[in-house]
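Notes follow once the structure below has been shown.
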Amino acid sequence: MATGKTELVPNTACDQTSRPVNERPCGVFDCEPRWEVQPFSTCTRTCGNGSQMALVPCKQVKADSADVVVNDDACIGQQQPAGVRRCNDFDCTPVWDIESWRECPQSCGGGTQTRTVRCMRTFANGDTIEVPDSLCRGRPPQRSRPCNTQDCPAEWRVITDWQDCSHSCGGVGTQTRDVECWQLTVGGWSLVEDAVCLLAMPARRQACQRIDCPAYWFDGEFSPCSASCAGGSQARIVQCRALLSTGNDEVVDESRCGTVKPIAQRNCNMFDCEAFWFQLPWQGCNQSCGRGLELRDVVCRQHRLGDDGVTLVDDLVCTSAPTAGRRPITQRYC
């Protein structure tokens with residue numbers, strides 16, 4: 001119903017085809033370039049003075065309303081905002097700094113592996129220092145632990161040097177030494193049975209002194225004297241011998257015996273023989289029948305030292321000789 005007043009009604013009440021425009025383009029040109037700070041990254045630290053970074057590109061809104069990144073040179077003359085800022089710049093709570101385990105000092109038999117564990121605190125100024133363990137929460141993480149606790153392979157040990165050779169020379173001697181089997185376990189080194197050692201055992205016995213002994217003169221017993229009186233001789237075997245490395249005692253060249261060679265022959269019984277009565281044959285009876293007389297010569301003979309043989313001596317020599325006896329008769333009836 002018409003009242004004669006003008007009222008605001010919904011747009012749908014009017015003819016939409018004849019509706020006047022209510023906006024038009026203006027400022028149709030590029031805006032001035034500007035620095036635009038992008039969102040900052042997460043702080044590099046939760047405490048103890050960290051930092052955040054952000055990209056700060058030079059951007060420009062174009063006439064077509066597109067907001068694009070342009071060359072930084074376009075923003076010359078404008079102060080570029082900082083792309084880095086401090087964050088969480090307050091002292092940190094002390095924490096445990098745990099390094100990696102060091103290499104086990106033993107490959108077997110039980111060693112002790114260690115690592116460095118420190119209570120560390122980082123301050124707002126960025127300094128990090130070691131502080132007493134009591135400032136960190138909880139008990140300190142393990143600083144040492146057993147490692148490589150398996151038994152080691154048993155090994156041979158040569159306990160003593162070679163003993164003196166059983167022979168100083170001449171033939172193969174023998175010398176010995178002590179060799180034992182030892183094994184390292186968690187409890188330490190211990191002596192074990194030989195069978196536990198798998199590798200070949202070092203020799204406990206070896207041959208020694210395979211050399212000839214020094215040569216020596218061998219002198220046998222003298223033979224009986226060749227004469228009981230008036231000078232005889234005796235002989236014996238004299239050889240240069242040596243006990244060889246083969247174990248045989250053999251004759252060797254006399255040049256190997258350094259000392260003077262012992263005599264091989266000597267005189268003996270160098271005294272006069274006892275005088276004796278020598279009886280010549282009976283000369284025959286002076287009668288062919290009846291009572292006759294038979295004669296012979298009896299002389300005193302003696303083999304004296306230096307003479308070539310038996311010689312006649314004075315009858316007094318035989319008379320005084322204890323072994324000659326009385327002078328045999330020189331005549332008899334026949």
Over all heavy atoms of both residues, which pair between [X] and [Y] is shortest? Give the atoms and the distance, please.
X: R143; Y: W101; value: O-CZ3, 3.7 Å
X: A54; Y: V37; value: CB-CG1, 4.3 Å
X: R296; Y: I329; value: NE-O, 2.9 Å
X: V260; Y: W217; value: O-NE1, 3.6 Å
X: R241; Y: C257; value: N-SG, 4.3 Å
X: W35; Y: Q78; value: NE1-O, 3.3 Å

*When F123 is tested against each of I129, T128, D89 for side chain to side chain contact (heavy atoms under 4.5 Å, CB included), which residue passes?*
I129
Look only at the side chain of [X] and the backbone of [Y], and say whether a donor-acceptor pair between them is shorter than 3.5 Å.
X: Q106; Y: C152; value: no
X: D219; Y: V238; value: no
X: R102; Y: Q113; value: no
X: W189; Y: W182; value: no
X: W277; Y: V298; value: no
X: T185; Y: D151; value: no
X: S226; Y: G232; value: no
X: T44; Y: S51; value: yes
X: D30; Y: A63; value: yes
X: N286; Y: L293; value: yes

Decide if atom [atom1] of [X] counts as having more than 12 heavy atoms of other residues, nucleotides or ligands within a radius under 6.0 Å.
X: L135; atom1: CG; value: yes
X: Y333; atom1: OH; value: no
X: D178; atom1: CG; value: yes
X: N125; atom1: CG; value: yes
X: D64; atom1: CG; value: yes

*Salt bridge between E180 and R157, side-chain N to carboxylate O under 4.0 Å?*
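No.
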Close side-chain approach of [X] to [Y], heavy-atom, < 4.5 Å:
X: R139; Y: D133; value: no
X: N148; Y: Q150; value: yes
X: C92; Y: M120; value: no
X: N49; Y: R86; value: yes
X: P262; Y: R236; value: yes
X: L184; Y: E155; value: no
X: F278; Y: C300; value: no
X: F276; Y: T323; value: no

_Same cluster (ILVMFWY, side-chain, under 4.5 Å), L243 and V252_ =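 They do not share one cluster, since no chain of ILVMFWY contacts under 4.5 Å joins L243 to V252.
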Rounded distance [0.5 Å steps], [atom1] in [X] versus [atom2] in [Y]:
X: Q234; Y: E221; atom1: CD; atom2: CD; answer: 10.5 Å
X: L280; Y: L295; atom1: CG; atom2: CG; answer: 12.0 Å
X: D272; Y: H303; atom1: CG; atom2: NE2; answer: 9.0 Å
X: R177; Y: T160; atom1: CZ; atom2: OG1; answer: 8.0 Å
X: Q283; Y: T330; atom1: CD; atom2: OG1; answer: 10.0 Å
X: D127; Y: T122; atom1: CG; atom2: OG1; answer: 9.0 Å

*Run the side chain to side chain contact (heavy atoms under 4.5 Å, CB included) check on T319 and R327 step by step: do they pass?*
CA-CA 8 Å; T319 303; R327 187 170 187 259; over 6 Å; no
_Please evaluate residues V117 and Q142 with respect to the criterion side chain to side chain contact (heavy atoms under 4.5 Å, CB included), reporting the C-alpha separation (whole Å), side-chain torsions for both, the decisive distance (0.1 Å), and the verdict._
CA-CA 8 Å; V117 177; Q142 189 177 14; over 6 Å; no
*Please assess R205 against T176 for the test side chain to side chain contact (heavy atoms under 4.5 Å, CB included), listing each intermediate value before the final yes or no.*
CA-CA 4 Å; R205 180 185 301 268; T176 60; 4.0 Å; yes
